[in-house]
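Structure record follows, encoded as structure tokens.
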Amino acid sequence: MTSAASVPPAHARPAKPPRSYLPLLGLAAFVVVTWLSVGEEFGIGLDPGLLVENLGRGTGIWAEFLEPNWSFLPETFGPLLETFQMAVIAAAVGCGIALPVSFLASRVSTPNVATYLADRGLLSIVRAIPDLLYALIFVAAVGIGPLAGILALVFFNIGVVAKLLSETIDGVDTGPLEATRAAGANRIQTQRWAVLPQVLPNYVAYSLYTFELNIRASTVIGLVGAGGLGVLLNTQRAFFRYDNLAVIIVELFVLVFAIEFFSIWLRRRLV
Amino acid sequence: MIRFENASVTYPGGVHALKNLTLEIPDGQMMVIVGLSGAGKSTLIRAINGLVPLSDGDVTIDGESVRRAKPPQLREIRSKVGMIFQTFNLVKRTSVLNNVLLGRLHDAGTMRSLLGWYRPDDVEIAMRALERVDIVEKAYVRASNLSGGQQQRVGIARALAQEPKIILADEPVASLDPPTSHVVMRDLQRINRDLGITTIVNLHFLDLAKVYGDRIIGMRSGELVYDGTGEQADERVFRDIYGRSLTADDVLGEPTKTVSV
Amino acid sequence: MTASVTLRPAEPSHARRNAGFIAAAALVIWAVLTVEADWTELAEVPGGIARLFFRLFLENGVDWTYLPTAAEAMLDSIWIAWVGTIIGAVISLPIGFFGARNVSSGLISNVVRQVLNAIRAFPELVLVIVIFIPIAGLGAVAGALAVGLHSVGTLGKLTAEVVEGIDPGPVEATRAAGGRALQVQRWGVLPQVLPEIIAFWLYRFEINIRAAAILGVVGAGGIGTVVQETIVYRRYDKAGMAILVVIVATILIDAVSGWVRRRIIEGAEARTDAGDVEGLGSPLRMDSDIG
């Protein structure tokens, strides 16, 4: 017995959704900007052909690099130590200052909109200045030497940590906050006991991360006189002593790797 | 004595959460509030300690107005009102004892509390609160390692540590299984009877309400629609409050058994 | 009611935690005492900073006639960052795939990751001094190439991590449908990871702006030279203008790039269950050296 109407009801095929022009526009803008950026007049003048030709130009210098002057090594120990010291001090001070700054930069801990916006605005400005620029500024303000470097890194650290931490604070569980307020605690007590315990592991992680960033930064800020390995980097570069530079670079490499291993170890122990 | 005088709360979206509520709650009473979600139970409770500000009218505790209290006075008022929450609201990463000590924050100075140097008296009060809810052996355990029922008991201990005159409980057992719910409700009832603390509880399980409440208040759309004892509250009354027939969701079900959590 | 017969527990010892604190504090104190900085000068620091701030921005105001020069130099830095990020993105994409254990073999991915780590260890400044100025001479090209190479290191590592974190389902499906290796990558892996990777590219661009701004200090083009020279030659009103330009340009670019990043991630979220708006993974993902 055949069943009537065994053909399923026909649905009209859906119309293809209209293409959004935004991605296309975005792509077009991207291509234009890129084309401008590599050109001669507006951009940087990137000429791949020229580069390949000039590859040979560097070989003389690189030959010198490949013969490091190891007798230079002892002279590097002082600046190396200074690099490390600067990184430590700046991390401690910077992360310390960043803690209250972060609390002020989060809606969760600072209901006063004016304070919050002001702090966020200030933080944007602090973060917009690169570490080396801070070094330039502080060398001009307090003279050359590690003090300028430490100050520069402190500001740099505050920018990094405060942004990360304030965003973490934005995401905390607000339940304990309500409970603490309901018990009659004031704002400082509430932050200390309901918010801080929630973000403390993150804070420690950010601080360690900042320390790593400091090590890398303090190797180069000496280029403008702010102490550390960078000072040596600058002098040797000025005298074209590529053999000495090679030693410094190897050291830098070892230092960065050592710190990375240490911090991975430390993080494993903390968790 | 807690007194609501024509209290109204209107939320920014235009929702009238509380409409002209007038109510008196004498000291030492155990009052249960029932009603649908959104009926105004939460708002009523939070108006007592000022967590939700009134749009109109007033609520006073022993004659002192909550609405007109300046921040320092409000904190003073809150320190005498303990509160427990449906989601327990413990600080998960820290110890049970530290959570209970949150109840002593108001009396510890800011400097002391910042450093965590509580006075021995405060620690003693906290320990005794933990003993009263039978969980002192977990004092140094991390709060997140406890079961739901245990966490809520820590919440009760935190409220007790304030040495409060009033305890507010916003759906304290909604996240707990039936046997545990009874344990917690019994703890609250015991505290109310032994210490004479005025206890106000939001519940949406009607059988619990009848068993544990001296007085039952029914809220519907922000208005008080019932005020009486557990005996007087029968099916018809509940249907008035809920605006519909009762369903299985409205009762907890299981007989009260003694279990340890 | 049970009488309190339960004994109160003893407070646990915090020996390890305290030892850690003491070690850290000792380290800081040692650093403070032994570093060759004259701490007695610390009192004069606020004054020095205030004086400089005054000279930079307040004394004669900022030199607005210098704006075109400063803006042009800043534009150079932006181009350096732009080109560098593109180079980094294009090269790091395939390399990132090779560095992912689940796509290439364990051995290859390990080697690739180590190479990427080695590249990452060198700040752009060092790369520019050692490699790119010798090749390309002074100027923006050297800067762009240095930024590009360093970016390959960071982006490569991030890409590899994202690829390692994918859901193997779609990959299996593509393979089962008969796809060749490249097709599996293109259709099974790439759609899952592309939004997050693009977000990383944008974030890297924001960071590269800062790196590029600095490179001028060693002659690799951009606004770094301008700031350095104006400060060294004490043309403070011009220096103030240059610094202002850096701040404003960076904030603007951060805002735009951040907005695009969020749109991309939200678009991806709408299609999956991913939950990270900033596009950086959890804030604890610091091993990835996002900065």
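Atom set for the values below is all heavy atoms of this structure, side chains included, hydrogens, waters and symmetry mates excluded. Just so it is clear, the structure is predicted and the values come from calculations on it, not from any experiment. Chain letters run A, B, ... following the sequence lines, proteins first and then strands; every chain starts at 1.
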Practice task
Kindly check if the number of other-residue, nucleotide or ligand heavy atoms within 6.0 Å of CZ (F21(C)) is above 12?
Solution key: no

Handout entry: Residue among E124(B), R128(B), K138(B) with most heavy-atom pairs under 4.5 Å to chain C
Key = E124(B)

Handout entry: Over 12 foreign heavy atoms within 6.0 Å of CZ, R263(C)
Key = no

Exercise for the section: Mind listing the closest non-hydrogen atom pair of Y140(B) and P12(C) along with its distance? Expected result: CG-CD, 3.3 Å

Practice task
Please indicate whether E137(B) has more than 12 foreign heavy atoms, meaning atoms of other residues, nucleotides or ligands, lying under 6.0 Å from its CD.
Solution key: yes

Exercise for the section: Using a strict cut-off of less than 4.0 Å between a Lys/Arg side-chain nitrogen and an Asp/Glu carboxylate oxygen, indicate whether E131(B) and R8(C) qualify as a salt bridge. Expected result: yes

Practice task
Would you indicate whether F85(B), at its atom CZ, is surrounded by more than 12 heavy atoms from other residues, nucleotides or ligands within a distance under 6.0 Å?
Solution key: yes

Completion exercise
Note: V136(B) and L7(C) closest approach over all heavy atoms is CG1-O, 4.4 Å

